[in-house]
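Have a look at the structure below before the remarks.
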Amino acid sequence: MTASRPPTPPLAQEPGGPAELQIAEVRARDGRGAVCVVRCVGGVGRVGQAYEDGRLVIEWIDRYGQRVDRVDAPHSAKVRLSGVCAAEIRERTILCTHGPRRYGYVGPREIWRAAEYAPEGRVVRSAEDFGAWAAEREAGEFAEPFTYVVDSVGFLRLAAWRSEHVACAGRDSVRAAGEVAFRWDGGRPAVAGISNQSTGYCPDPDCWPSVAAALDRAGVVRPERFTHEIVFRHCPGCGELNIVREGDFVCVFCGSDLPEATDAGGLSRSAGGSPRGPEPSPGPRHRGRPPPGTASPRRP
């Protein structure tokens with residue numbers, strides 16, 4: 001009888017840069033992992049490589065019925081991923097070996113389509129950029145919060161309230177998204193309230209470091225955390241998106257238990273392409289918009 005191969009230890013970071021695998025299809029799941037069809041969209045994926053801060057590891061790679069030790073961009077392969085968050089792998093997810101987590105659009109297809117023709121958010125790379133953007137706004141605009149994203153390279157983007165986050169981001173993946181209200185403190189711009197409220201991207205509250213860095217770069221005085229945190233969970237039973245309220249981790253659609261651990265629901269998600277790439281499949285139903293939880297600031 002042939003001896004089974006011992007588990008391959010996780011590899012160190014790929015010398016050529018981070019590896020990124022996009023989930024095209026989830027073929028099977030069990031208690032330890034999932035078999036998926038993936039497309040390598042960056043770097044080189046290798047057997048034993050760890051993704052999502054070590055929470056997922058590639059056990060094997062299969063190309064055209066042959067076991068191989070790697071897959072590079074832009075090729076596809078069938079892989080088995082094992083780890084603590086394998087149950088949360090979704091199609092269109094992008095798994096990264098390191099770096100800030102990226103979230104992609106997971107909302108309705110019609111909004112994705114409309115975003116192609118909508119204006120993108122204003123990119124704010126510095127305090128000077130923020131000052132120029134604020135000077136162009138009417139005083140009344142600051143009576144409501146603004147839509148924001150932190151784009152895939154780490155810059156703040158701002159758009160009018162009720163603008164779609166996917167339009168603000170130019171249909172790209174993001175590091176964070178939500179709503180932000182501003183006030184002026186001694187002549188300096190400051191955050192009056194900020195959330196991670198975006199049912200299109202569903203960012204976890206732990207995206208805050210990316211938000212904090214973008215606000216610091218923009219010269220905006222900020223709090224230490226979100227003033228209003230939203231916890232999103234996809235139901236492992238019916239696949240619907242839930243907003244967890246008052247610590248009640250129960251799906252409102254089917255009654256199944258939702259994963260409570262933050263790392264079980266925080267995989268990077270991608271819409272399946274750039275603004276010129278393929279359309280995403282239809283997203284889940286969303287519950288109603290929760291209150292932003294912040295006072296509406298006014299510019300003096």
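Computed from a predicted model, the values in this text were never measured in an experiment. Computation of the quantities below employed the complete heavy-atom set of this structure, encompassing side-chain atoms and omitting hydrogens, waters and symmetry-equivalent molecules. FYI, the numbering just counts along the sequence from 1.
Note: the hydrophobic cluster containing Val41 does not contain Val44 (ILVMFWY, side chain heavy atoms under 4.5 Å, direct or indirect links). Hydrophobic cluster membership is shared by Val191 and Trp184, with clusters built from Ile, Leu, Val, Met, Phe, Trp and Tyr side chains linked at under 4.5 angstrom. Residues Val35 and Ile94 do not share a hydrophobic cluster, clusters being chains of Ile/Leu/Val/Met/Phe/Trp/Tyr side chains in contact below 4.5 Å.
The shortest side-chain heavy-atom distance between Arg46 and Ile58 does not fall under the 4.5 Å cut-off. With a 4.5 Å cut-off on side-chain heavy atoms, Arg80 and Lys78 do not count as touching. Asp129 has its side chain out of reach of Val123: every pair of non-hydrogen atoms, C-beta onward, lies at least 4.5 Å apart. Put simply, the side chain of Tyr201 does not reach to within 4.5 Å of the side chain of Asn196, judged on heavy atoms. You'll find the side chain of Cys36 reaches within 4.5 Å of the side chain of Val26, heavy atoms only.
The 12-atom threshold is not exceeded at CD of Gln66, counting heavy atoms of other residues, nucleotides or ligands nearer than 6.0 Å. No more than 12 heavy-atom neighbours from other residues, nucleotides or ligands sit within 6.0 angstrom of CD on Glu224.
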Quiz prompt | side-chain contact (heavy atoms from CB on, under 4.5 Å) assessment of Gln197 paired with Phe226 | solution = CA-CA 10 Å; Gln197 167 57 32; Phe226 289 115; over 6 Å; no

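Shortest non-hydrogen contact noted between Val166 and Ala115 is CG1-CB, 3.7 Å. Closest of all the heavy-atom pairs between Ser163 and Thr147 is O-OG1, 3.2 Å. Heavy atoms only, all atoms of each residue included: Arg157 and Gly170 are closest at NH1-N, 4.0 Å. Trp60 and Asp62 get closest at one heavy-atom pair: CZ3-CB, 3.8 Å. The two residues Asn242 and Cys235 come nearest to each other via the heavy atoms ND2-CB, 4.1 Å. Closest heavy-atom contact between Ala214 and Gly154: CB-O, 3.7 Å.
Partners of Asp69 under the side-chain hydrogen bond (donor to acceptor under 3.5 Å, both in side chains) rule, at least two apart in sequence or in another chain, do not exist in this structure.
Interatomic distance, Arg245 CZ to Ile230 CD1, rounded to the nearest 0.5 Å: 7.5 Å. With values rounded to the nearest 0.5 angstrom, Gln22 atom CD is found 10.0 Å from Leu95 atom CG.
Classification of the Trp112-Tyr105 ring pair by plane angle, with boundaries at 30° and 60°, yields parallel. By the 30° and 60° cut-offs, the orientation of the rings of Phe146 relative to Phe182 is tilted.
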